[in-house]
Every structure is written in structure tokens, then in C-alpha cells.
Amino acid sequence: DPWWSLAVGGMVVGYLTNFFAIKSIFEPVQPVQVGPWKIQGLFLTRQYEVSEKFAKFLRSKVLTAEQMWEEILNGSRRGAFDKLLTDYINEYA
């Protein structure tokens, strides 16, 4: 056996595994009836559940009030916030 056959075989198996995994997650987009079974992409059948869990994660870990105020008052966008606040005060005060 050539020295490269194991590497090429692994690459082919890995590519096919990834190809079928991605296909089963996202396709078919529309449900297809196959006998008594309805087939649809795994992600699409659980899209609402996944989006709800993702939103809860973002709300609790990423978009907390403390982190938002920290970014507004001390982050890279502080100058933009200061200008917005100054413009608002000058317009309405």
C-alpha cells in the first residue's frame, strides 16, 4: 500500500461524512412525505426550539444590562454615545 492511501482514504471518508451530515441538518427545506414518515432537515424541524434557546443564551450571557452599559460608557463606541447624548440634550434642552 502506498504511504498516502491512508491519508486520502481518511480525507474521502471525512468529506462524505461532513457532506451527509450537513445535508441531513439543512435539507430538505420543505417537508417531504415518504410513506408514513415526514422528512425535513433536522435543524428546520427544531428551528423554533433552537432560536428560543439561542435567544435565552444571548440574553443571559452576552446582552446583559451591565455589559451594555459598560460598552456604552467605557467601550469603543463611547464617543458615538457622547455625541448622540450631546445632540439630544442640545435639541431638547
Side-chain angles (χ1 to χ4, degrees):
D1 289 334
W3 62 268
W4 50 265
S5 63
L6 196 57
V8 171
M11 182 182 74
V12 170
V13 169
Y15 176 81
L16 290 174
T17 302
N18 289 341
F19 177 79
F20 287 119
I22 296 297
K23 290 288 185 183
S24 70
I25 290 172
F26 294 107
E27 292 182 6
V29 175
Q30 299 301 323
V32 175
Q33 195 72 31
V34 179
W37 299 284
K38 181 174 72 169
I39 298 174
Q40 187 176 19
L42 297 172
F43 176 76
L44 297 170
T45 57
R46 300 181 64 200
Q47 184 174 4
Y48 295 111
E49 179 185 348
V50 171
S51 63
E52 181 181 340
K53 288 183 187 248
F54 186 66
K56 285 180 182 178
F57 168 78
L58 281 178
R59 183 182 69 217
S60 66
K61 302 289 185 195
V62 179
L63 296 175
T64 63
E66 294 83 11
Q67 289 173 334
M68 291 174 68
W69 279 114
E70 178 65 28
E71 181 63 28
I72 287 171
L73 298 176
N74 302 317
S76 63
R77 307 285 298 187
R78 179 179 180 185
F81 177 73
D82 288 344
K83 181 177 180 343
L84 178 71
L85 187 59
T86 304
D87 292 347
Y88 181 81
I89 290 172
N90 290 336
E91 184 177 337
Y92 292 104

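Hydrogens, waters and symmetry mates are skipped; everything else that's a heavy atom, side chains included, is used. The model shown is predicted, which means the values in this text are computed figures rather than measured ones.
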**Prompt:** Can you get from Ile25 to Val50 by hopping between Ile, Leu, Val, Met, Phe, Trp and Tyr side chains that sit under 4.5 Å apart?
**Reply:** yes
So the ring-ring contact (aromatic ring centres under 6.0 Å, His included) pairs with at least one residue in residues 42-65 (sequence neighbours excluded) are Phe26-Phe43
Quick note, side-chain hydrogen bond (donor to acceptor under 3.5 Å, both in side chains) partners involving residues 32-47, not counting sequence neighbours, are Arg46-Glu49
Grouping ILVMFWY residues whenever side-chain heavy atoms fall under 4.5 Å, the cluster of Leu84 otherwise contains none
Members sharing Phe81's hydrophobic cluster, built from side-chain contacts under 4.5 Å between Ile, Leu, Val, Met, Phe, Trp and Tyr, are Trp69, Ile72, Leu73, Leu85, Ile89
Review point. Is there a donor-acceptor contact under 3.5 Å from the side chain of Glu71 to the main chain of Ser76?
Key: yes
Contacts of Arg78 meeting salt bridge (Lys or Arg N to Asp or Glu O under 4.0 Å) (sequence neighbours excluded), chain-then-number -> Asp82
Exercise. How about Pro28 and Ile39: do any of their side-chain heavy atoms sit closer than 4.5 Å?
Worked result: yes
Contacts satisfying side-chain hydrogen bond (donor to acceptor under 3.5 Å, both in side chains) that involve residues 5-26 (not counting sequence neighbours) are Lys23-Glu27
- Over 12 non-hydrogen atoms of neighbours within 6.0 angstrom of CG in Leu16: yes
Residues 53-63 vs salt bridge (charged side-chain N to carboxylate O under 4.0 Å, His left out), sequence neighbours excluded, gives Glu52-Lys56
Any side-chain heavy atom of Glu91 sitting closer than 4.5 Å to one from Asp87? no
Gln67 meets the side-chain contact (heavy atoms from CB on, under 4.5 Å) criterion, sequence neighbours left out, with Thr64
By side-chain contact (heavy atoms from CB on, under 4.5 Å), Val29 pairs with (sequence neighbours left out) Leu44
Residues at least two apart in sequence or cross-chain that pass side-chain contact (heavy atoms from CB on, under 4.5 Å) with Pro36, listed by chain then number, are none
ring-ring contact (aromatic ring centres under 6.0 Å, His included) filter on Tyr88, not counting sequence neighbours, yields Tyr92
By side-chain contact (heavy atoms from CB on, under 4.5 Å), Trp4 pairs with (sequence neighbours left out) Pro2, Val8
